[in-house]
Every structure is written in structure tokens, then in C-alpha cells.
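Scroll down for the structure; my scribbles are underneath it.
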Amino acid sequence: MNLEKFKGIIPAFYACYDDAGEVSEMRTKDLCNYLYEKGVKGLYVGGSSGECIYQNLEERKATLKYVAEAVKGKLTLIAHVGAPSTRESVALAKYAEELGYDALSAIPPIYFKLPDSSVIKYWTEIMESTKLPFIIYNIPQTTGYNLSLQAFKKLIENKKVIGVKNSSMPVMDIERFKAAAGEDFIVFNGPDEQYVSGRVIGADSGIGGTYAAMPELLLKAEEFVSSGNFEQAKNIQRDINDIIIALCSLNGHMYSTIKELLKLRGVNVGSVRGPLEPVTGEDLNKVEEIKNMIDQAILKYGR
Ligand SMILES: CC(=O)N[C@@H]([C@@H](O)[C@H](O)[C@H](O)CO)[C@@H](O)CC(=O)C(=O)O
């Protein structure tokens with residue numbers, strides 16, 4: 001399979017709500033078009049940044065549909081279908097296939113701590129429910145399940161597994177997964193704070209929750225890495241990290257800060273759904289300062 005369409009900057013897509021907190025078709029499509037115009041390679045739809053665990057099946061299907069209607073054929077589309085039960089994940093997977101998505105992906109099962117055998121069975125049942133390729137999602141910080149090299153090796157025996165989105169913090173995990181899987185496989189860098197290091201140690205591409213807040217900077221970081229300009233890659237990563245730290249420093253959840261920031265950048269996707277908390281009061285004014293940090297970094301590196 002030609003994996004080139006998965007290589008590049010792939011923002012983790014946000015949940016787009018109207019002012020009453022319902023999934024909004026118009027705002028979903030606006031965000032798609034905004035990111036397409038910025039030049040990203042694809043979208044990872046309905047993952048952590050998509051607030052997947054706070055949405056019901058119909059809402060998740062609606063988002064998958066609106067995104068496909070807006071940018072299918074223009075961007076690589078990966079559907080995150082991880083859900084509390086295998087049954088729901090399979091329903092989402094089949095729907096994503098109908099809509100023409102390029103690949104599926106899923107977190108491991110959540111809530112109950114299950115053994116590797118159950119996790120592998122869960123992912124395999126999703127894979128076998130469609131003809132689409134599959135991308136494993138390893139995010140131990142939120143799921144409590146850390147994908148071992150042994151389980152990984154077992155999973156990649158299935159040729160439907162074309163990649164892993166690795167959000168664990170040790171960059172060495174990326175190196176180990178790449179070494180085990182080889183060239184004909186995509187390792188996606190997960191931690192945006194380590195985009196440059198992840199790419200240098202073996203990641204082929206990146207999917208991240210802060211990319212959509214500053215796509216220009218991630219695209220530029222990728223340009224520096226792929227052209228071998230590591231001095232500038234290091235510099236831009238430092239500026240990206242200052243921005244991520246600022247995004248995490250306000251009183252609401254980071255996704256809420258990002259959504260307020262996006263409003264200032266011209267695209268309104270509403271706010272977050274509880275229990276995530278919105279940014280409030282004085283802190284709302286600080287979002288403007290973060291926007292200025294992004295604007296200045298864009299000017300500095302030129303895009
Ligand atoms: C633990 C976590 O949430 N990791 C994020 C990062 O992109 C993260 O938001 C970023 O590195 C800032 O900490 C992504 O890996 C998640 C992601 O891409 C998604 O929305 O599914």
C-alpha cells in the first residue's frame with residue numbers, strides 16, 4: 001500500500017459545537033475548510049481532541065459525515081472509532097468505510113483494565129469489520145494501557161495494521177516501534193512537544209491535538225526536519241512548546257483555550273463539553289496573548 005498520503009501534518013480534529021453545545025454541521029465544515037486552506041495533509045477525526053468519549057454514537061457519526069462531505073478527496077481522512085464497546089466501535093468503523101475514509105484508528109478499551117489478549121481481540125474485531133487499513137492508537141496517559149513491544153509485534157502480523165499513532169512520552173517508544181515494523185509502516189508522533197525529536201528518531205508523520213491551533217508552525221517544523229535544517233527545527237520546537245505551555249496554563253481545559261484562540265483566528269467551533277471546563281473570566285483575555293505568540297512565531301519563521 002502506498003503510505004505517502006499519511007505522511008505530513010495531520011491535526012487531531014476538534015469537536016465543533018453550536019452555542020447550545022450540539023454538534024454543528026456548519027462549524028465542523030468551517031474547521032475542515034480552514035485547515036485545508038492552511039495546507040495540512042489530513043485530519044484525524046473523533047479522537048481525544050474530538051472529545052469522542054463525551055459524544056454518543058449518532059453525534060460521532062454526524063461529525064464523520066460532515067468532515068467527509070467537506071474535504072473527502074482533498075485531505076487524508078482517518079476515523080477514530082474507539083468507543084466503550086466493540087459493538088459501537090464496529091458500527092463507527094463500518095460507517096467510516098461507507099463514507100470513504102482512508103483508514104481507521106482506535107484507542108484500546110477503556111474503564112476496565114483488560115489484558116493484552118482482550119485489547120488485541122478488540123482491535124482485531126474492528127479491523128475485520130471493514131476493508132480499511134488500521135492505525136493503532138497508543139495513549140497510556142489517558143487510557144492506562146501502555147502498548148508493549150510484544151503486543152505490538154503480534155498486532156503487526158496482521159497486514160491491515162499500517163501504522164501506530166504513539167502518544168506516549170518516551171520518544172524511544174517511537175524508535176522501538178519503527179525498528180520493529182520497518183519502512184513499510186507509518187509511525188505517527190503523538191506528543192506535539194516532541195514533534196521534532198519524534199521525527200528525528202523515526203516517526204514518519206505526526207498527528208496532534210495542538211496542530212490545528214497553529215498549523216503554520218507545525219508545517220514549518222516539518223519543512224525544517226525534512227530539509228535537514230535541525231537548528232531551525234530545534235528553534236521552532238522551542239517556540240511551539242512555549243505556546244503549548246501557555247495553552248495549558250489557563251483555568252479551563254486546553255481544548256477550551258484552543259477553541260477560544262480559534263475564534264480569534266477567525267474560526268468559531270464553539271466550546272468544550274463538560275466535564276471539560278471552559279476558559280472563563282480574566283483568563284479569557286490571556287487568549288489574545290497566546291494568539292500574539294503564534295502570530296509572532298509565524299512572522300519569525302515565515303509562512
Ligand atoms: C495526551 C494527549 O492528549 N496527546 C495529544 C497531544 O497532541 C497533546 O495534545 C499535545 O502534545 C499537547 O500536550 C495527542 O496525542 C492526542 C490526539 O492526537 C488526539 O486528539 O487523538
Side-chain angles (χ1 to χ4, degrees), residues 6 8-16 28 31 35 40-55 60 63-64 67 76-83 89 92 96 101 103-108 110 134-147 163-171 173-174 177 186-199 203 205-215 217-218 221-222 236-250 252-259 261-262 269 272-273 276 290 293-294:
F6 296 100
I9 295 300
I10 304 187
F13 197 75
Y14 304 128
C16 301
T28 301
L31 182 60
L35 293 170
V40 303
K41 185 77 175 187
L43 299 175
Y44 187 85
V45 187
S48 320
S49 308
E51 299 175 38
C52 65
I53 59 158
Y54 304 138
Q55 294 189 351
R60 294 183 64 178
T63 299
L64 289 173
V67 171
T76 300
L77 296 182
I78 303 169
H80 175 262
V81 301
S89 298
L92 283 170
Y101 272 69
L104 301 174
S105 181
I107 49 170
I110 50 172
F134 185 78
I135 296 161
I136 302 164
Y137 188 174
N138 185 41
I139 182 162
Q141 309 90 309
T142 57
T143 60
Y145 176 81
N146 198 3
L147 179 65
V164 61
K165 163 170 158 40
N166 189 63
S167 290
S168 68
M169 290 312 280
V171 279
D173 289 351
I174 286 175
F177 289 144
I186 297 272
V187 177
F188 294 89
N189 181 77
D192 309 355
E193 300 84 339
Q194 298 172 182
Y195 182 78
V196 169
S197 357
R199 283 281 283 115
S205 190
I207 297 171
T210 66
Y211 294 7
M214 45 182 160
L217 299 181
L218 270 302
E222 173 53 32
I236 200 166
Q237 182 73 72
R238 188 176 298 137
D239 287 333
I240 288 170
N241 291 359
D242 286 343
I243 293 162
I244 294 176
I245 289 165
L247 287 170
C248 296
S249 70
L250 305 191
H253 190 270
M254 180 188 82
Y255 294 138
S256 164
T257 305
I258 290 177
K259 288 176 177 188
L261 173 78
L262 279 173
V269 296
V272 288
R273 188 171 271 187
L276 301 184
I290 305 176
M293 290 170 79
I294 295 174

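Start at 1 and go down the list; that is how both ligands and their atoms are numbered.
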Looking at side-chain heavy atoms only, is the closest gap between P140 and Y145 below 4.5 Å?
-> no

Sole residue of I258, I243, I244 in side chain to side chain contact (heavy atoms under 4.5 Å, CB included) with I290 | I243

Using salt bridge (charged side-chain N to carboxylate O under 4.0 Å, His left out) as the criterion, list what pairs up with K259, not counting sequence neighbours.
-> E51

Is it true that the side chains of S48 and Y137 contain a donor and an acceptor less than 3.5 Å apart?
-> yes

Short question: side chain of N241, backbone of E193 - any donor-acceptor pair under 3.5 Å?
-> yes

Between R60 and H80, is there a donor-acceptor pair closer than 3.5 Å when you use the side chain of the first and the backbone of the second?
-> yes

Protein N/O near ligand 1 N/O, under 3.5 Å, which pairs?
from	atom 1	to	atom 2	distance (Å)
ligand 1	7 (O)	G190	O	3.4
ligand 1	7 (O)	D192	OD1	2.8
ligand 1	7 (O)	D192	OD2	3.1
ligand 1	7 (O)	G209	N	2.7
ligand 1	11 (O)	D192	N	2.8
ligand 1	11 (O)	E193	OE1	2.7
ligand 1	13 (O)	E193	OE2	2.6
ligand 1	15 (O)	K165	NZ	3.2
ligand 1	15 (O)	S167	OG	2.6
ligand 1	15 (O)	G190	O	3.3
ligand 1	18 (O)	K165	NZ	2.7
ligand 1	20 (O)	S48	N	3.4
ligand 1	20 (O)	S49	N	2.7
ligand 1	20 (O)	S49	OG	2.5
ligand 1	21 (O)	S48	N	3.0
ligand 1	21 (O)	S48	OG	3.2
ligand 1	21 (O)	Y137	OH	2.7

